[in-house]
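Here is how names work: the chains are called A, B, and so on, in the same order as the sequence lines, proteins then strands, and each is numbered from 1.
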Amino acid sequence: MIENKAVNSIKIKGREDKEMKVVLKDDSVKEYSEAKSVIDIAYDISEGLARMATAGELDGEVVDLRTMVDHDGELQILTSYDQKGLAALRHTTSHVLAEAVKNLYPEAKVAIGPSIDTGFYYDFECPPFTREDLDAIEKEMKKIIKAGAKIERFELPREEAIAFMKEKEEPYKVELIQDLPEDAILSFYDQGGFVDLCAGPHLMNVKSIKAFKLISSSGAYWRGSEKNKMLTRVYGTAFGNKEELNAYLEHLEEIKKRDHNKLGREMELFATVDVIGQGLPLLMPKGTIMIQELQRWVEDEEERRGYMRTKTPLMAKKDLYVISDHWGHYKEGMFVLGDEEKDEEVFALRPMTCPFQYYVYKQSQKSYRDLPCRYGETSTLFRNEDSGEMHGLTRVRQFTIAEGHLILTPEQVEEEFKACVDLAKYFLTTLGLESDVTYQLSLWDPKKQDKYLGNEEMWNEVQGMMREILQHLGIDAKEEVGDAAFYGPKLDIQAKNVYGKEDTMITVQLDMFLAERFDMYYVDKNGEKKRPYIIHRTSLGCYERTLAWLIEKYAGLFPTWLCPEQVKVLPISEKYHDYANQVANQLKARSVRCSVDERGEKIGYKIRDARMNKIPYMLVVGAKEEEEGVVSVRSRYLGDEGQKSLDVFMDDICKEIKTKEIRKIVEE
RNA sequence: GCUGCCAUGGCUCAGUCGGUAGAGCGUCACCUUGGUAAGGUGGAGGUCACGGGUUCGAUUCCCGUUGGCAGCUCCA
């Protein structure tokens, strides 16, 4: 059956038919003597292609299948195998969703329904949907698809378009049209009577939707503002065929197994307790080992790179935050102890370490010879996040960060900034995470100047410096307006979790304002007082969040040096318990985290157990013949420096304990 | 903070149209066991998140609280 029937497409008035050449994807050329629609050209190429076509890409711009090609150009026919083509398919599916909702809930008002990375959504003003409702809506969608309405496009002048949507009692559409520029083309798509305002592109027929699924429903603010009404959003996804859809749905199940919030609890790395509170995870003994390993590593490396360590209070009088202006900007996000109205002294738990380290700096008069001055602190911070924001280890109310501040002369800024980035990259690379990050340059929003310290000129200067440094570093950072700290722009190193949600893992920030507020200075060569620049930075970010990232990255199969338990010694029967303990003691003497499994069960159980607990090394201890000890080493190579060094170490250990015979079995 | 969903042994879940609970896996003990993801037998373990209400009686129905999840909004 042919779903995409060639149609007599939108005739563009005032355009003469003429000779034209269309260059296709494979560089072949089609010549036409008159304007042709994209879908007609697709048919001309092949019927199979036309059937699969979802949109076109004309001279690099995604266009509707109905678009008339009336000039020489490059044309690619998009299908669901192209990302952009898939987006058109999903977008059309969202319209079918809207039609189904209107059929079942005539009082529902439609808002917007775009395609997104993972599928599509559509927002409605209507009561929330349950899973059963979604199933019913899916059923209705299937009915609509089976009926197979042709999708037709038409345009209306602005006033008529508004009148049209008013008549249909769709206030959100009216608002959308009113907010579009005066000269915008207002296109509509009609699928068998259901008409939606939409820029397109869309398929030719709803029948081409072969595989879709409604995923979930939730609330979402109209136009993304919490001041607006909350609408009901339905998320769904669609693919070119059922196999791809099923593979995607299976993938969703698979990634749940890597979710740090689930796996981290299962592996007893952390836990939460309702009476302790939201966003306050307990790090269990195993999780603590991992955090400690990271922390010692970071502290040692920072000292090697010229940092001085500080240890400053977890709270301070509010006066401190008034000076930094955190009180003005972020009081809502702080845990305040005491009542400003009643108490003489009000304290607050610290949400950052900056002002504390500034007072470390200010304890003596500094010369330019004292700079760069690098302070590092393993710093526990407290932020009163909104109740709906807490999540596992990635968004918590108390966390510990590898924080630091560098006090610098202007000449030192570039070199030190680069060193900060280099340090961060070193940590990421060693952990095997470097390829998973993206860089973001977070800039201020000149439209909201009251949110920031300083003025436009100063911001332009400091942002300019930062761009230049990034350019010198060869870092291609995506610029994000409005994401800066109130005291300066940031280079944010971002990573995505298993669900694709992005978080800042590491940040390096340039600040030319706070030194002034804290009256920090150094004396230059000429004996004059000068304001220093300050870099706020973290080298490995927040330990809790980094742990979450590692759990998801390695699905719990960590590099050996981080593993809470590195080696399990498995005696094949009770006879070898003594020998197993002897082996374990030798390992422990070398600081290997190991234990002996003395349960009287079959060796198979023990191996299974060690695997399930994601222990990288298993030493199977026993003898083939009486009096002969056999040690076989099972090793899983994970590919990072820490692992490598432990592998070498394990080789040595094995040689040492080789009194009889050693076999090393490398799995994969 | 907003909208919705959820809360039953360590885990995954069943169940009670209102009469104080069950499975599988795990765990523990004993037996068995010389080999790479499941040997046998027996046992322990639950105030069905917490607090109120309705009721002769609430794990079940209603309200509230706390916590968890998804999304939105926020994130120094």
Review point. Toward the 5' end of RNA chain B, which comes first, A/Phe129 or A/Arg397, by nearest nucleotide?
Key: A/Phe129
Check your understanding: Would you say B/A76 has OP1 or OP2 under 4.0 Å from some side-chain N or O of A/Gln509?
Key -> no
Point to revise | Euclidean distance for C1', B/C28 against B/G18 (whole angstrom) | key: 36 Å
Check your understanding: Say you pick atom P in B/G53 and the same atom in B/G10; how far apart are they, in whole Å?
Key -> 29 Å
Exercise for review: Identify which nucleotide among B/G71, B/G68, B/A76 has an atom closest to any side-chain atom of A/Asn261, counting heavy atoms from C-beta outward.
Suggested key: B/G68
Practice item. Using the C1' atoms only, state how far B/U20 lies from B/A58, rounded to an integer number of Å. Key: 9 Å
Review point. If only side-chain N and O atoms of A/His391 are considered, is one of them under 4.0 Å from the OP1 or OP2 phosphate oxygen of B/G68?
Key: no
Review point. When the C1' atoms of B/C30 and B/G22 are considered, how many whole Å apart are they?
Key: 26 Å
**Study point:** Basic-acidic side-chain contact under 4.0 Å: A/Glu416, A/Arg374
**Key:** yes
Check your understanding: Between A/Arg223 and A/His326, which has a closest nucleotide on RNA chain B that is more 5'?
Key -> A/Arg223
**Study point:** Closest non-hydrogen atom pair, A/Arg517 against A/Val322
**Key:** NH2-O, 3.7 Å
Exercise for review: Scan A/Pro351 against the nucleic acid and name what it touches under 4.0 Å (heavy atoms): base, sugar-phosphate only, or nothing.
Suggested key: base
Exercise for review: Check whether the side chain of A/Arg233 and the base of B/C72 form a donor-acceptor pair under 3.5 Å.
Suggested key: no
Point to revise | Pair assignment for B/G71, Watson-Crick or G-U wobble, requiring both distances under 3.5 Å | key: B/C2
Review point. Distance between the C1' atoms of B/G64 and B/A21, in whole angstroms?
Key: 26 Å
**Study point:** Check ion pair A/Lys490-A/Asp492 (N to O, under 4.0 angstrom)
**Key:** yes
Review point. Counting just side-chain N and O atoms, does A/Lys490 come under 4.0 Å of either OP1 or OP2 of B/A76?
Key: yes
Review point. Should B/A49 form a Watson-Crick or G-U wobble pair with both distances under 3.5 Å, which nucleotide is its partner?
Key: B/U65
Check your understanding: Side-chain donor or acceptor of A/Arg383 under 3.5 Å from a matching atom on the base of B/C74?
Key -> no
Check your understanding: Looking across every strand, which nucleic acid part, if any, lies under 4.0 Å from A/Tyr221 by heavy atom: base, sugar-phosphate, or nothing?
Key -> base
Point to revise | No-H, no-angle donor-acceptor pair, A/Gln278 side chain to B/U66 base, under 3.5 Å | key: no
Review point. Applying salt bridge (charged side-chain N to carboxylate O under 4.0 Å, His left out), which residue pairs with at least one partner in residues 110-127 of chain A are found, sequence neighbours left out?
Key: A/Asp123-A/Arg233, A/Glu125-A/Lys229
Review point. Touch check for A/Arg131, heavy atoms < 4.0 angstrom, all strands: base, sugar-phosphate only, or nothing?
Key: nothing
Exercise for review: Run the salt-bridge test on A/Glu250 and A/Lys213 with the 4.0 Å N-O cut-off and return the result as yes or no.
Suggested key: no
Review point. How far apart are the closest heavy atoms of A/Arg397 and A/Leu280, and which atoms are they?
Key: CB-CD2, 4.1 Å
Review point. With a non-hydrogen cut-off below 4.0 angstrom, is A/Tyr121 in contact with a base, only sugar-phosphate, or nothing?
Key: nothing
Exercise for review: With C1' as the reference atom in both, quote the distance from B/U73 to B/A14 in angstrom, rounded to an integer.
Suggested key: 38 Å
Check your understanding: For atom P, what is the distance between B/A38 and B/G26, given to the nearest Å?
Key -> 11 Å
Point to revise | Closest nucleotide among B/C75, B/U73, B/U66 to the A/Glu385 side chain | key: B/C75
Check your understanding: Roughly how far apart, to the nearest Å, are B/U54 and B/C63 at atom C1'?
Key -> 11 Å
